[in-house]
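Note that these values count all heavy atoms, side chains included, but never hydrogens, waters or copies made by symmetry. In what follows, every chain begins at residue 1, and chains take the letters A, B, ... in the order their sequences are listed.
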Amino acid sequence: MSPAPLTAREANLIGCRLCHLLIPMPKEPGHCPRCGARLHQRQPNSIARSWALLIAAMILYLPANLLPITISSSLGTSQSDTILSGVLYLLNSGSWAIALVIFVASLFVPLMKMVILVFLLVSVHRRSRWRPKDRTRLYRLTELVGRWSMVDIYVVTIMVALVRLGALANVDAGPGAAYFAAVVILTMFAAESFDPRLIWDRMEDCDE
Amino acid sequence: MKSLMACHECDLLQRIPPVSEGRVALCSRCGAVLFRPKRNSLDRTIALNLTGILLYAVAVSFPFLALKTQGFVREAALLTGMKVLYQQGMSGLALVVVLTCILFPLIEMLSLLYILLPLKFGGTLPGAARLFHSVQVLKPWGMMEVFMLGILVSMVKLAKMATIIPGTALWAFVLLIFVLAGSAVSLDSHLVWEKLDRRP
(Lines give C-alpha, C1' and ligand atoms only; values in the text may rest on other atoms or scores of the structure.)
Protein backbone atom coordinates (compact mmCIF):
# COMPACT_ATOMS: atom_id res chain seq x y z
CA MET A 1 0.00 0.00 0.00
CA SER A 2 1.50 3.29 -1.00
CA PRO A 3 0.30 6.76 -0.04
CA ALA A 4 -1.21 8.87 -2.79
CA PRO A 5 1.63 10.60 -4.64
CA LEU A 6 1.84 14.29 -3.97
CA THR A 7 3.84 16.61 -6.16
CA ALA A 8 5.47 19.87 -5.18
CA ARG A 9 2.98 21.71 -7.37
CA GLU A 10 0.00 20.16 -5.61
CA ALA A 11 1.48 21.04 -2.23
CA ASN A 12 1.93 24.64 -3.42
CA LEU A 13 5.71 24.30 -3.21
CA ILE A 14 8.32 24.77 -5.88
CA GLY A 15 11.51 22.79 -6.28
CA CYS A 16 14.48 24.47 -7.95
CA ARG A 17 15.39 22.33 -10.92
CA LEU A 18 19.06 23.16 -10.60
CA CYS A 19 19.95 23.07 -6.88
CA HIS A 20 16.87 21.14 -5.70
CA LEU A 21 15.96 23.69 -3.04
CA LEU A 22 12.32 23.34 -2.01
CA ILE A 23 10.49 26.52 -1.06
CA PRO A 24 6.90 27.70 -0.74
CA MET A 25 5.44 28.83 -4.03
CA PRO A 26 6.25 32.54 -4.44
CA LYS A 27 3.44 34.89 -5.47
CA GLU A 28 5.34 36.11 -8.50
CA PRO A 29 7.78 34.18 -10.64
CA GLY A 30 11.27 34.79 -9.40
CA HIS A 31 14.72 33.38 -8.84
CA CYS A 32 15.90 30.66 -6.51
CA PRO A 33 17.14 32.33 -3.30
CA ARG A 34 20.00 29.85 -3.08
CA CYS A 35 21.43 29.40 -6.58
CA GLY A 36 19.80 32.21 -8.56
CA ALA A 37 18.22 29.98 -11.19
CA ARG A 38 14.84 31.08 -12.51
CA LEU A 39 12.09 29.29 -10.65
CA HIS A 40 9.36 27.70 -12.69
CA GLN A 41 6.67 25.28 -11.72
CA ARG A 42 7.28 23.85 -15.18
CA GLN A 43 9.68 25.20 -17.78
CA PRO A 44 7.86 27.93 -19.72
CA ASN A 45 6.96 27.03 -23.30
CA SER A 46 8.86 23.80 -22.86
CA ILE A 47 6.93 22.00 -25.58
CA ALA A 48 6.96 24.84 -28.11
CA ARG A 49 10.66 25.48 -27.60
CA SER A 50 11.55 21.80 -27.91
CA TRP A 51 9.55 21.52 -31.12
CA ALA A 52 11.17 24.61 -32.61
CA LEU A 53 14.71 23.44 -31.87
CA LEU A 54 13.92 19.92 -32.94
CA ILE A 55 12.41 20.97 -36.28
CA ALA A 56 15.41 23.22 -36.93
CA ALA A 57 17.69 20.26 -36.20
CA MET A 58 15.70 18.04 -38.57
CA ILE A 59 16.00 20.55 -41.38
CA LEU A 60 19.75 20.93 -40.88
CA TYR A 61 20.12 17.17 -40.68
CA LEU A 62 19.71 17.07 -44.47
CA PRO A 63 22.65 19.30 -45.49
CA ALA A 64 24.64 17.76 -42.62
CA ASN A 65 24.38 14.40 -44.32
CA LEU A 66 24.28 15.42 -47.98
CA LEU A 67 27.18 17.89 -48.03
CA PRO A 68 30.77 16.71 -47.64
CA ILE A 69 32.28 16.98 -44.18
CA THR A 70 35.84 16.50 -45.43
CA ILE A 71 37.55 17.24 -48.72
CA SER A 72 40.81 15.36 -49.03
CA SER A 73 43.31 15.82 -51.81
CA SER A 74 46.33 13.72 -52.55
CA LEU A 75 48.75 14.15 -55.45
CA GLY A 76 46.34 16.10 -57.61
CA THR A 77 43.23 14.01 -57.01
CA SER A 78 40.62 15.28 -54.62
CA GLN A 79 37.80 13.46 -52.91
CA SER A 80 34.76 14.72 -50.99
CA ASP A 81 33.32 12.61 -48.21
CA THR A 82 29.96 12.84 -46.53
CA ILE A 83 29.40 11.20 -43.16
CA LEU A 84 27.87 8.13 -44.80
CA SER A 85 30.51 7.77 -47.52
CA GLY A 86 33.18 8.12 -44.83
CA VAL A 87 31.62 5.25 -42.89
CA LEU A 88 31.37 3.12 -46.05
CA TYR A 89 34.97 3.89 -46.93
CA LEU A 90 36.14 2.81 -43.46
CA LEU A 91 34.05 -0.34 -43.74
CA ASN A 92 35.54 -1.22 -47.14
CA SER A 93 39.07 -0.57 -45.97
CA GLY A 94 38.59 -3.02 -43.11
CA SER A 95 38.41 -0.60 -40.18
CA TRP A 96 35.02 -1.93 -39.09
CA ALA A 97 35.47 -0.92 -35.44
CA ILE A 98 36.04 2.73 -36.35
CA ALA A 99 33.26 2.53 -38.92
CA LEU A 100 30.94 1.32 -36.17
CA VAL A 101 31.95 4.14 -33.78
CA ILE A 102 31.30 6.79 -36.44
CA PHE A 103 28.08 5.13 -37.59
CA VAL A 104 26.68 4.99 -34.05
CA ALA A 105 27.84 8.46 -33.01
CA SER A 106 27.10 10.37 -36.23
CA LEU A 107 24.17 8.60 -37.83
CA PHE A 108 22.40 6.41 -35.31
CA VAL A 109 22.50 8.61 -32.18
CA PRO A 110 21.31 11.91 -33.76
CA LEU A 111 18.51 10.12 -35.60
CA MET A 112 17.43 8.15 -32.52
CA LYS A 113 17.57 11.30 -30.45
CA MET A 114 15.25 13.14 -32.83
CA VAL A 115 12.86 10.17 -33.02
CA ILE A 116 12.77 9.86 -29.21
CA LEU A 117 12.15 13.58 -28.73
CA VAL A 118 9.34 13.57 -31.30
CA PHE A 119 7.85 10.56 -29.53
CA LEU A 120 8.08 12.23 -26.10
CA LEU A 121 6.59 15.48 -27.37
CA VAL A 122 3.73 13.70 -29.11
CA SER A 123 3.07 11.58 -26.02
CA VAL A 124 2.82 14.72 -23.88
CA HIS A 125 0.51 16.33 -26.44
CA ARG A 126 -1.75 13.30 -26.36
CA ARG A 127 -1.75 13.28 -22.54
CA SER A 128 -0.50 9.74 -22.65
CA ARG A 129 -0.38 7.69 -19.43
CA TRP A 130 1.74 5.03 -21.08
CA ARG A 131 4.79 3.92 -19.01
CA PRO A 132 5.88 7.28 -17.62
CA LYS A 133 8.91 5.73 -15.96
CA ASP A 134 10.21 4.31 -19.22
CA ARG A 135 9.56 7.57 -21.03
CA THR A 136 11.55 9.41 -18.36
CA ARG A 137 14.30 6.88 -18.88
CA LEU A 138 14.26 7.52 -22.63
CA TYR A 139 14.55 11.22 -21.91
CA ARG A 140 17.55 10.65 -19.63
CA LEU A 141 19.15 8.54 -22.34
CA THR A 142 18.85 11.31 -24.94
CA GLU A 143 20.44 13.77 -22.52
CA LEU A 144 23.27 11.37 -21.80
CA VAL A 145 24.32 10.22 -25.26
CA GLY A 146 23.72 13.38 -27.30
CA ARG A 147 27.15 14.89 -26.71
CA TRP A 148 28.99 11.85 -28.11
CA SER A 149 27.75 12.76 -31.58
CA MET A 150 30.35 15.52 -31.60
CA VAL A 151 33.07 12.94 -32.11
CA ASP A 152 33.03 13.30 -35.90
CA ILE A 153 33.53 17.05 -35.63
CA TYR A 154 36.59 16.45 -33.47
CA VAL A 155 37.94 13.88 -35.90
CA VAL A 156 37.66 16.49 -38.67
CA THR A 157 39.43 19.05 -36.44
CA ILE A 158 42.32 16.65 -35.84
CA MET A 159 42.53 15.61 -39.49
CA VAL A 160 42.75 19.20 -40.78
CA ALA A 161 45.45 19.89 -38.20
CA LEU A 162 47.61 16.89 -39.08
CA VAL A 163 47.04 16.10 -42.73
CA ARG A 164 48.56 19.23 -44.13
CA LEU A 165 51.43 17.99 -46.25
CA GLY A 166 51.09 20.27 -49.25
CA ALA A 167 50.66 18.43 -52.55
CA LEU A 168 51.27 15.05 -50.96
CA ALA A 169 48.12 14.96 -48.85
CA ASN A 170 45.74 17.55 -47.55
CA VAL A 171 42.43 17.43 -45.69
CA ASP A 172 40.02 20.36 -45.50
CA ALA A 173 36.76 20.61 -43.62
CA GLY A 174 33.61 20.62 -45.76
CA PRO A 175 30.42 22.63 -45.23
CA GLY A 176 28.60 19.53 -43.96
CA ALA A 177 30.69 19.63 -40.79
CA ALA A 178 29.25 22.99 -39.72
CA TYR A 179 25.68 21.80 -40.36
CA PHE A 180 26.35 18.63 -38.44
CA ALA A 181 27.71 20.52 -35.41
CA ALA A 182 24.57 22.68 -35.54
CA VAL A 183 22.37 19.56 -35.51
CA VAL A 184 24.14 18.19 -32.42
CA ILE A 185 23.90 21.51 -30.59
CA LEU A 186 20.24 22.07 -31.53
CA THR A 187 19.22 18.58 -30.39
CA MET A 188 21.08 19.11 -27.10
CA PHE A 189 19.16 22.36 -26.56
CA ALA A 190 15.92 20.67 -27.59
CA ALA A 191 16.43 17.94 -24.98
CA GLU A 192 17.31 20.57 -22.39
CA SER A 193 14.13 22.53 -23.12
CA PHE A 194 11.93 19.49 -22.66
CA ASP A 195 10.64 19.33 -19.11
CA PRO A 196 10.25 15.67 -18.05
CA ARG A 197 7.85 16.71 -15.31
CA LEU A 198 5.27 17.18 -18.08
CA ILE A 199 5.29 13.41 -18.60
CA TRP A 200 4.19 12.96 -14.99
CA ASP A 201 1.64 15.77 -14.84
CA ARG A 202 -0.83 13.64 -16.81
CA MET A 203 -0.67 10.96 -14.13
CA GLU A 204 -1.93 13.38 -11.49
CA ASP A 205 -4.69 14.71 -13.73
CA CYS A 206 -6.06 11.20 -13.87
CA ASP A 207 -5.61 10.45 -10.19
CA GLU A 208 -7.96 13.19 -9.20
CA MET B 1 11.60 21.30 5.23
CA LYS B 2 15.20 20.06 5.11
CA SER B 3 14.50 16.38 4.50
CA LEU B 4 11.62 17.08 2.13
CA MET B 5 12.55 17.18 -1.54
CA ALA B 6 10.84 17.49 -4.89
CA CYS B 7 12.19 15.30 -7.70
CA HIS B 8 13.63 17.51 -10.44
CA GLU B 9 12.41 15.09 -13.09
CA CYS B 10 8.86 14.22 -11.97
CA ASP B 11 8.12 16.78 -9.22
CA LEU B 12 7.17 14.11 -6.65
CA LEU B 13 7.48 15.33 -3.07
CA GLN B 14 9.28 12.89 -0.85
CA ARG B 15 10.87 12.72 2.57
CA ILE B 16 14.49 11.69 2.28
CA PRO B 17 16.00 9.74 5.20
CA PRO B 18 19.67 10.47 5.95
CA VAL B 19 21.78 8.86 3.22
CA SER B 20 25.19 7.49 4.19
CA GLU B 21 28.30 8.17 2.09
CA GLY B 22 28.62 6.02 -0.98
CA ARG B 23 24.86 5.37 -1.14
CA VAL B 24 22.45 7.07 -3.46
CA ALA B 25 19.01 8.62 -2.97
CA LEU B 26 16.70 7.80 -5.88
CA CYS B 27 13.28 9.22 -6.61
CA SER B 28 10.73 6.64 -5.49
CA ARG B 29 8.52 7.28 -8.52
CA CYS B 30 10.71 7.88 -11.58
CA GLY B 31 14.09 6.63 -10.36
CA ALA B 32 16.02 9.86 -10.96
CA VAL B 33 19.18 10.32 -8.88
CA LEU B 34 18.28 12.89 -6.22
CA PHE B 35 21.69 13.05 -4.61
CA ARG B 36 24.70 10.91 -3.89
CA PRO B 37 26.83 11.74 -0.83
CA LYS B 38 30.54 11.07 -1.33
CA ARG B 39 33.37 10.38 1.06
CA ASN B 40 35.80 13.32 1.40
CA SER B 41 34.00 14.99 -1.46
CA LEU B 42 35.53 18.44 -0.99
CA ASP B 43 39.13 17.25 -0.50
CA ARG B 44 39.02 14.87 -3.43
CA THR B 45 37.41 17.31 -5.83
CA ILE B 46 39.88 20.05 -4.89
CA ALA B 47 42.88 17.72 -5.29
CA LEU B 48 41.66 16.43 -8.66
CA ASN B 49 40.97 19.91 -10.01
CA LEU B 50 44.41 21.18 -8.95
CA THR B 51 45.96 18.22 -10.77
CA GLY B 52 43.67 18.93 -13.68
CA ILE B 53 44.88 22.52 -14.05
CA LEU B 54 48.50 21.35 -14.23
CA LEU B 55 47.74 18.64 -16.79
CA TYR B 56 45.65 21.12 -18.77
CA ALA B 57 48.58 23.55 -18.96
CA VAL B 58 50.78 20.78 -20.38
CA ALA B 59 48.06 19.58 -22.75
CA VAL B 60 47.57 22.95 -24.43
CA SER B 61 51.20 24.08 -24.61
CA PHE B 62 53.16 21.05 -25.81
CA PRO B 63 53.05 19.26 -29.20
CA PHE B 64 50.08 16.98 -29.37
CA LEU B 65 50.53 14.66 -32.31
CA ALA B 66 52.94 14.45 -35.22
CA LEU B 67 52.49 12.81 -38.57
CA LYS B 68 55.46 11.37 -40.42
CA THR B 69 55.34 10.13 -44.00
CA GLN B 70 57.91 9.92 -46.78
CA GLY B 71 60.27 12.31 -45.07
CA PHE B 72 57.59 14.88 -44.26
CA VAL B 73 56.79 15.65 -40.65
CA ARG B 74 53.74 17.62 -39.62
CA GLU B 75 53.38 18.52 -35.96
CA ALA B 76 50.20 19.77 -34.37
CA ALA B 77 49.28 21.19 -30.99
CA LEU B 78 45.84 20.84 -29.42
CA LEU B 79 44.77 24.22 -30.80
CA THR B 80 46.18 23.77 -34.32
CA GLY B 81 43.05 22.17 -35.75
CA MET B 82 40.87 24.98 -34.44
CA LYS B 83 43.22 27.56 -35.94
CA VAL B 84 43.14 25.81 -39.33
CA LEU B 85 39.33 25.64 -39.28
CA TYR B 86 39.24 29.35 -38.53
CA GLN B 87 41.65 30.13 -41.38
CA GLN B 88 39.51 28.11 -43.76
CA GLY B 89 36.55 30.35 -43.00
CA MET B 90 34.76 27.95 -40.68
CA SER B 91 34.94 30.24 -37.69
CA GLY B 92 31.65 29.02 -36.23
CA LEU B 93 32.85 25.45 -36.19
CA ALA B 94 36.23 26.50 -34.77
CA LEU B 95 34.42 28.40 -32.01
CA VAL B 96 32.30 25.36 -31.10
CA VAL B 97 35.40 23.18 -30.77
CA VAL B 98 37.32 25.81 -28.78
CA LEU B 99 34.40 26.32 -26.39
CA THR B 100 33.58 22.66 -25.81
CA CYS B 101 37.13 21.29 -25.60
CA ILE B 102 39.30 24.17 -24.44
CA LEU B 103 37.38 26.92 -22.70
CA PHE B 104 34.48 25.25 -20.85
CA PRO B 105 36.65 22.58 -19.19
CA LEU B 106 39.09 25.27 -18.01
CA ILE B 107 36.30 27.51 -16.71
CA GLU B 108 34.84 24.54 -14.88
CA MET B 109 38.09 23.61 -13.14
CA LEU B 110 38.91 27.18 -12.12
CA SER B 111 35.35 27.84 -10.93
CA LEU B 112 35.26 24.69 -8.84
CA LEU B 113 38.52 25.68 -7.14
CA TYR B 114 37.19 29.20 -6.53
CA ILE B 115 34.06 27.74 -4.92
CA LEU B 116 35.44 24.71 -3.09
CA LEU B 117 38.75 25.95 -1.64
CA PRO B 118 37.07 28.59 0.57
CA LEU B 119 34.33 26.11 1.54
CA LYS B 120 37.02 23.78 2.83
CA PHE B 121 38.10 26.47 5.27
CA GLY B 122 34.56 27.44 6.18
CA GLY B 123 34.09 30.54 4.04
CA THR B 124 32.71 31.59 0.70
CA LEU B 125 33.95 34.08 -1.88
CA PRO B 126 31.56 36.57 -3.48
CA GLY B 127 29.47 35.17 -6.31
CA ALA B 128 30.21 31.55 -5.43
CA ALA B 129 26.56 30.45 -5.63
CA ARG B 130 26.04 32.22 -8.95
CA LEU B 131 29.22 30.62 -10.28
CA PHE B 132 28.27 27.12 -9.12
CA HIS B 133 24.97 27.62 -10.91
CA SER B 134 26.87 28.36 -14.13
CA VAL B 135 29.17 25.37 -13.60
CA GLN B 136 26.16 23.07 -13.46
CA VAL B 137 24.57 24.65 -16.52
CA LEU B 138 27.83 24.40 -18.50
CA LYS B 139 28.56 20.84 -17.37
CA PRO B 140 27.13 18.99 -20.41
CA TRP B 141 28.94 21.36 -22.79
CA GLY B 142 32.46 20.42 -21.74
CA MET B 143 33.31 17.57 -24.09
CA MET B 144 36.96 16.72 -23.59
CA GLU B 145 36.24 13.01 -23.25
CA VAL B 146 34.42 13.04 -26.59
CA PHE B 147 37.49 14.74 -28.08
CA MET B 148 39.56 11.87 -26.65
CA LEU B 149 37.43 9.41 -28.62
CA GLY B 150 37.98 11.63 -31.66
CA ILE B 151 41.74 11.34 -31.16
CA LEU B 152 41.55 7.55 -31.05
CA VAL B 153 39.43 7.45 -34.21
CA SER B 154 41.81 9.79 -36.06
CA MET B 155 44.85 7.82 -35.00
CA VAL B 156 43.39 4.59 -36.37
CA LYS B 157 42.33 6.39 -39.56
CA LEU B 158 45.76 7.94 -40.10
CA ALA B 159 47.80 4.89 -39.10
CA LYS B 160 47.21 3.49 -42.60
CA MET B 161 48.87 6.38 -44.44
CA ALA B 162 51.55 7.57 -42.05
CA THR B 163 53.41 7.07 -38.81
CA ILE B 164 51.79 8.78 -35.83
CA ILE B 165 54.05 10.13 -33.13
CA PRO B 166 52.25 10.92 -29.85
CA GLY B 167 53.51 14.09 -28.17
CA THR B 168 53.85 15.12 -24.54
CA ALA B 169 50.53 16.93 -24.63
CA LEU B 170 48.70 13.77 -25.66
CA TRP B 171 49.78 11.91 -22.50
CA ALA B 172 48.78 14.87 -20.35
CA PHE B 173 45.44 14.97 -22.15
CA VAL B 174 44.77 11.27 -21.51
CA LEU B 175 45.53 11.73 -17.80
CA LEU B 176 43.37 14.84 -17.74
CA ILE B 177 40.37 12.85 -19.00
CA PHE B 178 40.71 10.45 -16.06
CA VAL B 179 41.20 13.31 -13.59
CA LEU B 180 38.10 15.13 -14.90
CA ALA B 181 36.06 11.93 -14.69
CA GLY B 182 37.28 11.50 -11.10
CA SER B 183 36.32 15.06 -10.30
CA ALA B 184 32.82 14.57 -11.73
CA VAL B 185 32.39 11.44 -9.61
CA SER B 186 33.69 12.95 -6.37
CA LEU B 187 31.77 16.23 -6.58
CA ASP B 188 28.69 16.17 -4.37
CA SER B 189 26.67 19.14 -5.58
CA HIS B 190 24.00 18.60 -2.92
CA LEU B 191 26.64 19.13 -0.23
CA VAL B 192 28.05 22.18 -2.01
CA TRP B 193 24.60 23.76 -2.23
CA GLU B 194 23.95 23.18 1.46
CA LYS B 195 27.29 24.71 2.37
CA LEU B 196 26.79 27.66 0.03
CA ASP B 197 23.36 28.32 1.48
CA ARG B 198 23.76 31.58 3.37
CA ARG B 199 20.10 32.35 3.80
CA PRO B 200 19.02 33.33 7.32
Side-chain angles (χ1 to χ4, degrees), chain A residues 5-11 13-15 17-23 33-37 90 93 95 97-98 101-102 105 132-133 136-137 139-140 143 147-148 150-155 157-166 168-169 172-173 177-178 181 185 188 192 196-197 199-201, chain B residues 1 4-13 29-32 34-35 64-67 69-70 72 74 76-77 80-85 88 90 92-94 96-97 100-101 129-130 132-133 136-137 140-141 143 146-147 149-151 153-154 156-158 160-162 189-190 193 196-197 199:
Chain A
L6 181 70
T7 62
R9 184 165 71 170
E10 287 166 324
L13 297 168
I14 190 163
R17 230 192 138 191
L18 193 93
C19 78
H20 300 184
L21 181 72
L22 190 66
I23 56 164
R34 182 160 74 174
C35 76
L90 285 169
S93 63
S95 314
I98 295 297
V101 170
I102 298 292
K133 198 168 176 175
T136 313
R137 228 175 252 157
Y139 170 71
R140 246 172 255 152
E143 270 205 313
R147 51 216 305 280
W148 289 93
M150 284 297 263
V151 68
D152 222 8
I153 298 298
Y154 299 148
V155 172
T157 310
I158 296 162
M159 298 297 255
V160 298
L162 278 176
V163 189
R164 198 137 294 279
L165 305 167
L168 194 62
D172 290 329
I185 291 168
M188 280 180 76
E192 219 168 71
R197 291 176 294 193
I199 296 176
W200 293 89
D201 285 346
Chain B
M1 218 148 46
L4 202 60
M5 217 172 162
C7 173
H8 58 287
E9 283 188 12
C10 78
D11 211 29
L12 182 73
L13 265 186
R29 182 162 74 165
C30 77
L34 296 178
F35 61 97
F64 200 74
L65 282 170
L67 190 75
T69 182
Q70 300 173 28
F72 287 92
R74 163 82 185 171
T80 309
M82 304 155 207
K83 216 157 66 191
V84 174
L85 285 179
Q88 290 179 352
M90 309 198 78
L93 197 58
V96 167
V97 181
T100 54
C101 294
R130 194 73 238 182
F132 196 53
H133 168 252
Q136 298 208 308
V137 172
W141 298 97
M143 304 192 192
V146 183
F147 194 85
L149 181 63
I151 295 169
V153 171
S154 325
V156 176
K157 263 184 155 179
L158 291 169
K160 289 221 162 87
M161 61 171 278
S189 49
H190 191 70
W193 280 125
L196 282 178
D197 199 349
R199 288 170 308 133

Supply the atom-to-atom distance [X] [atom1] to [Y] [atom2], rounded to the nearest 0.5 angstrom.
X       : Y       : atom1 : atom2 : answer
F132(B) : L196(B) : CZ    : CG    : 7.0 Å
R197(A) : T136(A) : CZ    : OG1   : 12.0 Å
I158(A) : M82(B)  : CD1   : CE    : 8.0 Å
L162(A) : K157(B) : CG    : NZ    : 12.5 Å

Measuring heavy-atom distances to chain A, does [X] have an atom under 4.5 Å in its side chain, in its backbone, in both, or in neither?
X       : value
Q88(B)  : side chain
L158(B) : side chain
A66(B)  : backbone
V153(B) : both
K160(B) : side chain
L13(B)  : both
I151(B) : both

What part of [X] gets closer than 4.5 Å to chain B, counting heavy atoms only: side chain, backbone, both or neither?
X       : value
V101(A) : side chain
A105(A) : neither
I98(A)  : side chain

Looking at V96(B), L149(B), L85(B), which makes the most heavy-atom pairs under 4.5 Å with chain A?
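The candidate making the most pairs under 4.5 Å is L149(B).
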Option that, when pairs with chain A are counted at under 4.5 Å, heavy atom only, ranks first among A94(B), S189(B), A32(B)
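If we count pairs closer than 4.5 Å to chain A, A32(B) comes out on top.
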Are the side chains of T100(B) and Y154(A) in contact, using a 4.5 Å heavy-atom criterion?
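Yes; the side chains approach each other to less than 4.5 Å.
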With a 4.5 Å cut-off on side-chain heavy atoms, are V163(A) and M161(B) touching?
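Contact flag for M161(B)/V163(A) side chains = yes.
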Find the one option among [options] whose heavy-atom pairs under 4.5 Å with chain B are most numerous.
options                   : value
I14(A), I185(A), D152(A)  : I185(A)
G36(A), G15(A), C19(A)    : C19(A)
R17(A), E192(A), R164(A)  : R164(A)
R137(A), K133(A), R147(A) : R147(A)

Name all residues meeting the side chain to side chain donor-acceptor pair (under 3.5 Å) criterion together with S154(B); count only those two or more places apart in sequence or in a different chain, and write none if there are none.
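With neighbours one apart ignored, the set is empty.
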Name all residues meeting the side chain to side chain contact (heavy atoms under 4.5 Å, CB included) criterion together with A162(B); count only those two or more places apart in sequence or in a different chain, and write none if there are none.
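Checked A162(B) against side chain to side chain contact (heavy atoms under 4.5 Å, CB included); matches are L67(B), T69(B).
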Determine the minimum heavy-atom distance between M188(A) and P140(B), stating which atoms define it.
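Scanning both residues completely, I find the closest heavy atoms to be CE-O, 3.7 Å.
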Heavy atoms only: give me the nearest M90(B)-A173(A) pair and the separation to one decimal.
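Closest approach of M90(B) to A173(A): SD-CB, 3.5 Å.
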